[in-house]
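Below, chains carry the letters A, B, ... as their sequence lines are ordered, and counting in each starts from 1.
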Number of protein chains: 2
Amino acid sequence: MARGAADCPTMTTMPATPPLPFEQHQRPMGLRERKKLKTRIAIRKATYRLIAEQGYDATTIEQIAAAAEVSPSTVFRYFPTKEDIVLTDEYDPVMEAALRARPGDEPPLESLRAVLTGAVASILEKEPEEMGRRTRLMLEVPALRARMTETMAETSSLLARPIADRAGREPDDPEVRVFTAAVMGALREALFHWGERGRQDDLVALVDRTLDVLKGGLRL
Amino acid sequence: MARGAADCPTMTTMPATPPLPFEQHQRPMGLRERKKLKTRIAIRKATYRLIAEQGYDATTIEQIAAAAEVSPSTVFRYFPTKEDIVLTDEYDPVMEAALRARPGDEPPLESLRAVLTGAVASILEKEPEEMGRRTRLMLEVPALRARMTETMAETSSLLARPIADRAGREPDDPEVRVFTAAVMGALREALFHWGERGRQDDLVALVDRTLDVLKGGLRL
DNA sequence: ACACCTTTTGAGGGTCACTGCCATTTGGCA
DNA sequence: TGCCAAATGGCAGTGACCCTCAAAAGGTGT
């Protein structure tokens with residue numbers, strides 16, 4: 001299991017997120033940072049390749065390190081757990097910002113709908129094959145599915161803050177928490193359904209549909 | 001992480017669940033089964049005691065085995081992972097049965113409400129201190145929180161079947177999945193909130209409130 | 001170009017959950 | 001009483017992850 005998601009310098013040191021989804025961060029960026037990004041990407045690539053060849057469980061950190069030409073220690077410095085190499089998700093802060101940027105009089109559910117569908121559409125457009133790989137793995141490997149679920153729970157409490165602010169409540173208000181948890185759960189189920197269907201459907205439309213279920217008060 | 005939740009004879013062999021929440025299974029039960037139940041309980045008790053003394057992470061399987069006077073192998077034969085010793089949850093099949101027993105014309109959300117509040121009330125009445133311990137640990141130990149979340153996702157897809165049947169849909173219908181996922185998410189958040197508040201509030205009422213949020217279409 | 005400081009890296013040793021395998025014991029039963 | 005299947009214990013892995021320390025490399029001022 002994820003023993004301790006220790007501090008990994010790369011994550012805390014870097015401006016925010018390397019392959020930033022929407023905007024760009026074009027500050028000079030010295031050789032040092034460029035190298036770090038390269039290493040990070042190399043580890044990722046090596047991981048995906050090895051997993052494609054041998055499967056997730058059969059792929060060891062040692063192999064990944066060798067393939068990426070770094071030491072095992074370095075792999076752990078870049079990613080706190082093996083699962084995170086596959087799943088690392090840089091979109092949380094972006095989504096929070098996007099959420100805050102929404103008009104204040106918009107119903108919260110609609111704000112979240114806009115943010116989520118926007119994010120999904122953006123990822124789907126920029127890195128479609130990466131998205132496919134990740135989703136497939138999430139479905140196949142229990143450890144990754146679990147980690148993903150956990151990540152979404154974290155995202156849920158992250159989004160609770162702006163939602164609570166807007167509704168004039170506390171972020172730990174049970175109603176606020178259920179709100180974000182339900183929305184993230186809907187996203188999760190949409191993603192899984194999409195993956196199980198071979199990723200042919202329109203994921204954005206699926207997300208929209210699932211959010212409609214919530215909006216309708218879970219009438220079936 | 002939970003490497004492989006292999007088959008553990010105890011779980012598959014036993015009638016269903018040893019400390020069955022509502023009903024009882026009073027079939028004869030030979031010496032063999034009685035002994036197994038004893039061992040199971042001994043492992044559990046030892047685990048709780050050791051964790052109370054030293055914390056979850058500091059407690060090793062070896063210590064647990066020694067305290068329960070069995071071998072480490074035996075511990076793993078009874079519980080697939082360390083997390084499961086703390087969290088094992090025997091209520092799923094009971095809940096599914098209770099759900100199926102609900103009147104067919106009842107709105108699905110209300111059926112689930114009845115089943116969940118009933119289950120919570122029952123546990124709270126029969127094993128209050130056990131419930132307290134588990135909830136506290138769930139909040140404190142990330143590994144346990146993660147495992148719990150995963151468990152609830154599984155319960156969610158378990159409940160999807162009866163719900164789908166009733167609604168005349170497929171269990172993997174995205175709307176059905178969102179439905180149960182949202183409900184289980186609400187339960188989770190209610191539980192967490194309860195735990196964070198020192199377990200003083202009325203948990204059943206909390207669950208009710210969170211389900212109302214869902215019923216209202218997530219208007220905040 | 002050189003020394004100086006900080007960050008990054010590699011190496012090695014250790015822990016512990018978890019897996020198989022196999023020999024032994026033990027309850028259940030003819 | 002003797003046989004079979006289930007349950008147990010012991011043992012030897014495997015692999016993720018932690019910790020610490022010394023070497024290497026980037027960045028900066030002279």
Go through [options] for me and flag the one nearest to the [X] side chain.
X     : options               : value
A:K36 : C:dT8, D:dG15, D:dA5  : C:dT8
B:K82 : D:dC17, C:dT8, C:dA17 : C:dA17
A:S73 : C:dA17, C:dA11, D:dA5 : C:dA11
B:S71 : D:dG9, C:dA17, D:dA16 : D:dG9
B:R32 : D:dA7, D:dC17, C:dA17 : D:dA7

Hey, does the side-chain of A:R77 have a donor or acceptor N/O within less than 3.5 Å of a partner on the base of C:dG10? yes
Please check if any side-chain donor atom of A:D89 sits under 3.5 Å from a side-chain acceptor atom of A:T151, or the reverse.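 Per modelled atom types, A:D89 and A:T151 side chains form no pair under 3.5 Å.
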Over how many whole Å does the gap from [X] atom [atom1] to [N] atom [atom2] extend?
X     : N      : atom1 : atom2 : answer
A:E62 : D:dC17 : CD    : P     : 14 Å
A:R40 : C:dT8  : CZ    : C1'   : 15 Å
B:E83 : C:dC16 : CD    : C1'   : 13 Å
A:L50 : D:dA16 : CG    : P     : 12 Å
A:I61 : D:dA16 : CD1   : P     : 5 Å
B:F76 : C:dT19 : CZ    : P     : 7 Å
B:E69 : D:dG10 : CD    : P     : 13 Å
A:I43 : C:dG10 : CD1   : P     : 9 Å

Please determine whether a side-chain nitrogen of the Lys or Arg among B:K36 and B:E33 lies less than 4.0 Å from a carboxylate oxygen of the Asp or Glu.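 Not counted as a salt bridge, because no side-chain N and carboxylate O are separated by less than 4.0 Å.
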Looking at A:R177 and A:D172, is there a salt bridge between them, counting it only when a charged N and a carboxylate O are closer than 4.0 Å?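 No.
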A:K82 side chain vs A:F76 backbone, donor-acceptor pair below 3.5 Å: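 Checking the backbone N and O of A:F76 against the side chain of A:K82, no donor-acceptor pair under 3.5 Å is found.
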Could you check whether any side-chain N or O of A:W194 sits under 3.5 Å from a backbone N or O of A:D202, counting only pairs where one atom can act as donor and the other as acceptor? no
[X] side chain N/O closer than 4.0 Å to the phosphate oxygens (OP1, OP2) of [N]?
X     : N      : answer
B:T74 : D:dG9  : yes
A:K35 : D:dA25 : no
B:Y78 : D:dT8  : yes

